[in-house]
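Here's the structure we're looking at; comments come further down.
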2 protein chains.
Amino acid sequence: MRLVIARCSVDYTGRLTAHLPLATRLLVHKGDGSLLVHSDGGSYKPLNWMSPPCTLTVETPDAEAAEEGVVELWRVTHAKSGDALLVRIHEVIHDTTHDLGVDPGLIKDGVEADLQRLLAEQVDVIGDGLALVRREFPTAIGPVDLMLRTVTAGVSVEIDVPPGVEADVHVSAAPAGPAPARHVAVEVKRRAGIDAVEQLTRYLELLNRDPHLAPVRGVLAAQSIAPQAKTLAGDRGIDTVVLDYDAMKGIQSGIPTLF
Amino acid sequence: MRLVIARCSVDYTGRLTAHLPLATRLLVHKGDGSLLVHSDGGSYKPLNWMSPPCTLTVETPDAEAAEEGVVELWRVTHAKSGDALLVRIHEVIHDTTHDLGVDPGLIKDGVEADLQRLLAEQVDVIGDGLALVRREFPTAIGPVDLMLRTVTAGVSVEIDVPPGVEADVHVSAAPAGPAPARHVAVEVKRRAGIDAVEQLTRYLELLNRDPHLAPVRGVLAAQSIAPQAKTLAGDRGIDTVVLDYDAMKGIQSGIPTLF
DNA sequence: TCCTCTAGCTTGGAC
DNA sequence: GTCCAAGGTAGAGGA
């Protein structure tokens with residue numbers, strides 16, 4: 001990794017064009033060829049950058065550029081897209097190179113996948129008398145996060161059996177023509193916006209065309225739900241459930257899961 | 001801006017928890033207090049970071065940590081959210097500080113706003129016999145990018161007048177009861193996905209309730225349109241138009257706009 | 001490979 | 001402040 005502090009101007013041409021006037025900035029040239037241009041402040045996102053695969057070539061400025069004070073010209077070209085970054089360096093203030101080795105990588109917890117996994121183990125959070133059919137239930141337009149079905153075969157049955165799988169098995173085995181299972185499609189999000197409601201609506205539209213599944217009810221489950229998303233969901237008959245990740249994690253660690 | 005190369009492990013707790021095992025990394029401490037943790041390679045995004053407003057405090061490791069080889073402990077705390085980043089430094093390999101000054105900022109061209117502006121000047125790209133009503137046409141749920149209307153008042157009229165405004169004016173002034181104008185709502189995107197179709201659908205639903213506007217046809221105009229978005233648009237009777245930004249820009253620079 | 005969806009998204013703008 | 005939409009979104013994961 002090469003770290004350069006330099007007075008420079010930068011031009012990007014590619015999906016759009018962007019220009020950075022002359023100023024002092026940090027240039028990070030990584031081992032994979034990528035380049036980041038950072039200012040002191042702003043966001044974690046560089047002002048300009050080039051993602052790998054790309055190559056950096058250092059050129060000597062032509063007479064005109066040299067006259068303007070350019071001492072070095074860095075050209076970073078993307079291997080496929082043709083995007084290019086041009087760094088006109090007027091003054092190098094710092095220049096060091098370091099060998100960092102390979103990074104072991106990041107371990108995360110608490111992303112949507114974790115939320116979905118926990119919720120699959122605790123479908124009672126969504127409502128009573130529900131059992132998991134499967135996670136990532138496949139449809140033609142993509143997988144539904146969770147597919148559940150009701151296990152309401154009469155109150156008397158549910159009293160003396162454990163909730164979840166056992167009751168579900170009982171219903172399935174009921175000799176007297178069982179009430180048709182009603183399905184519940186659950187969309188899991190960390191933060192749900194209008195787009196989440198739209199997504200679930202598309203799934204429901206499709207699922208309800210399938211006579212084996214219909215009627216399918218929709219539930220939007222998220223750690224936070226935008227007010228407009230809640231309103232839109234209400235309009236469309238979609239229930240919303242706010243999830244408490246820490247509480248769900250507590251239950252998960254305390255009680256062994258049924259599945 | 002302070003640049004540190006160090007062998008360190010990092011823990012983030014906040015919206016999720018994340019852990020980085022011991023390895024050599026770049027730490028960038030910016031003037032606004034923010035911290036970036038970069039590896040040599042990967043993306044332009046740091047492995048871990050803390051966004052401003054936040055403060056960095058350097059602590060002396062306790063006996064236990066010192067025994068594990070920690071020589072310095074950086075704690076970065078977000079001012080509002082309570083998110084925290086903990087950097088356990090085992091070895092400092094490089095440590096320099098530089099004054100970069102304030103960055104003049106980035107100038108962009110080719111973003112969605114530019115596309116919309118160009119398209120407003122060249123509505124014929126959408127179809128013949130159309131005139132701009134206005135950009136950012138207001139509705140209760142937000143502005144429609146472009147609202148157009150047809151100027152089809154009979155072919156004979158259109159032959160000997162310039163397209164666009166002039167023809168439109170003529171139609172408006174036509175003494176023999178003019179055919180009602182048909183409206184076209186255009187959603188402009190650089191890249192259109194399913195969400196763009198959903199957005200336009202919401203607008204059309206609303207616009208078509210207005211007897212002054214109905215019937216309103218929908219057009220999705222974008223530099224690239226995802227296949228599923230094109231399919232969904234087709235299902236809903238929404239036309240799609242693929243835009244060539246460079247070509248449109250060429251026309252714009254060559255021919256003065258009518259508006 | 002293409003195409004989809006998530007993201008500690010971030011960031012800017014409107015209300 | 002909250003909420004929504006754009007992003008050179010990037011990056012992962014499935015078909």
Side-chain angles (χ1 to χ4, degrees), chain A residues 11-18 34 37 42-52 54 78 80-85 106 108-116 136 138-143 145 187-196 198-199 202 223-232 245, chain B residues 11-18 34 37 42-52 54 78 80-85 106 108-116 136 138 141-143 145 187-196 198-199 202 222-231 245:
Chain A
D11 281 277
Y12 164 76
T13 50
R15 281 168 282 194
L16 55 68
T17 62
S34 60
V37 181
S43 60
Y44 74 70
K45 190 177 172 179
L47 293 165
N48 272 123
W49 70 95
M50 187 61 71
S51 305
C54 63
H78 194 267
K80 299 175 187 174
S81 66
D83 288 21
L85 204 59
L106 189 63
K108 287 186 186 181
D109 175 54
V111 294
E112 186 189 301
D114 299 306
L115 205 57
Q116 189 194 114
E136 303 289 344
T139 78
I141 55 170
D145 288 339
E187 179 66 34
V188 183
K189 281 274 184 293
R190 292 201 335 108
R191 297 175 176 194
I194 285 175
D195 54 337
E198 301 286 15
Q199 196 180 338
R202 287 197 300 274
Q223 284 179 279
S224 77
I225 300 176
Q228 297 202 6
K230 198 170 158 60
T231 304
L232 185 62
Y245 183 74
Chain B
D11 281 277
Y12 164 75
T13 50
R15 279 167 281 194
L16 55 69
T17 62
S34 60
V37 182
S43 58
Y44 75 74
K45 189 177 170 179
L47 295 164
N48 273 122
W49 71 93
M50 187 62 71
S51 306
C54 63
H78 195 266
K80 299 176 187 176
S81 65
D83 289 21
L85 204 58
L106 189 64
K108 288 185 185 180
D109 174 54
V111 295
E112 187 189 302
D114 299 307
L115 205 57
Q116 191 197 114
E136 303 288 345
I141 56 171
D145 288 339
E187 178 67 33
V188 183
K189 282 271 182 293
R190 288 201 336 107
R191 296 176 174 194
I194 287 173
D195 53 337
E198 301 287 13
Q199 196 180 338
R202 287 197 298 273
Q223 282 179 279
S224 78
I225 300 177
Q228 297 207 6
K230 199 171 157 61
T231 305
Y245 184 74

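The sequence lines fix the lettering, A, B, ..., with proteins before strands; numbering per chain opens at 1. Fair warning: this is a prediction, and the values are worked out from it, not measured in the lab.
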Short side-chain N/O contact from B:K45 to OP1 or OP2 of C:dG8, under 4.0 Å |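 The answer is yes; a side-chain N or O of B:K45 sits under 4.0 Å from OP1 or OP2.
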Are OP1 or OP2 of C:dC3 and a side-chain N or O of B:R191 less than 4.0 angstrom apart?
->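 For C:dC3, neither OP1 nor OP2 has a side-chain N or O of B:R191 closer than 4.0 Å.
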Mind calculating the distance between [atom1] ([X]) and [atom2] ([N]) to the nearest angstrom?
{"X": "B:E136", "N": "C:dC15", "atom1": "CD", "atom2": "C1'", "result": "15 Å"}
{"X": "B:L16", "N": "C:dT10", "atom1": "CG", "atom2": "P", "result": "10 Å"}
{"X": "A:D114", "N": "D:dA12", "atom1": "CG", "atom2": "P", "result": "16 Å"}
{"X": "A:D83", "N": "D:dA10", "atom1": "CG", "atom2": "C1'", "result": "14 Å"}
{"X": "A:L85", "N": "D:dG8", "atom1": "CG", "atom2": "C1'", "result": "11 Å"}
{"X": "A:L106", "N": "C:dG8", "atom1": "CG", "atom2": "P", "result": "8 Å"}
{"X": "B:H78", "N": "C:dG8", "atom1": "NE2", "atom2": "C1'", "result": "11 Å"}
{"X": "A:L47", "N": "C:dT10", "atom1": "CG", "atom2": "P", "result": "17 Å"}

Which residues satisfy the side chain to side chain contact (heavy atoms under 4.5 Å, CB included) test with [X], sequence neighbours excluded?
{"X": "B:A192", "answer": "B:K189, B:A196, B:L220, B:A222, B:I225"}
{"X": "B:P46", "answer": "A:Y44, B:L36, B:H38, B:W49"}
{"X": "B:D195", "answer": "none"}
{"X": "A:T139", "answer": "A:F137, A:I141, A:V144, A:Y203, A:L206, A:L207"}

Under 5.5 Å and under 30°: A:W49 stacked on D:dG8 =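 Stacked: centres under 5.5 Å apart, planes under 30°.
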Report all interatomic pairs (protein N or O, nucleotide N or O of nucleotides 2-6 of chain D) with separations under 3.5 Å.
residue: D:dC4; atom: OP1; partner: A:Q228; partner atom: OE1; Å: 3.0
residue: D:dA6; atom: OP1; partner: B:E112; partner atom: OE1; Å: 3.4
residue: D:dA6; atom: OP1; partner: B:E112; partner atom: OE2; Å: 3.4
residue: D:dA6; atom: OP1; partner: B:K189; partner atom: NZ; Å: 3.2
residue: D:dA6; atom: OP2; partner: B:K189; partner atom: NZ; Å: 3.2

Check every strand shown and say whether B:Y12 touches a base, only sugar-phosphate, or nothing at a heavy-atom separation below 4.0 Å.
-> base
Check whether the side chains of A:E198 and B:Q199 place a donor and an acceptor atom closer than 3.5 Å, and report yes or no.
->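 Not at all, the side chains of A:E198 and B:Q199 share no donor-acceptor pair under 3.5 Å.
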Set of salt bridge (Lys or Arg N to Asp or Glu O under 4.0 Å) partners for A:R191, sequence neighbours left out =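 Checked A:R191 against salt bridge (Lys or Arg N to Asp or Glu O under 4.0 Å); zero matches.
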What are the two closest non-hydrogen atoms of B:M50 and B:S34, and how far apart are they?
->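 The pair with the smallest heavy-atom distance is O-CB, 3.1 Å.
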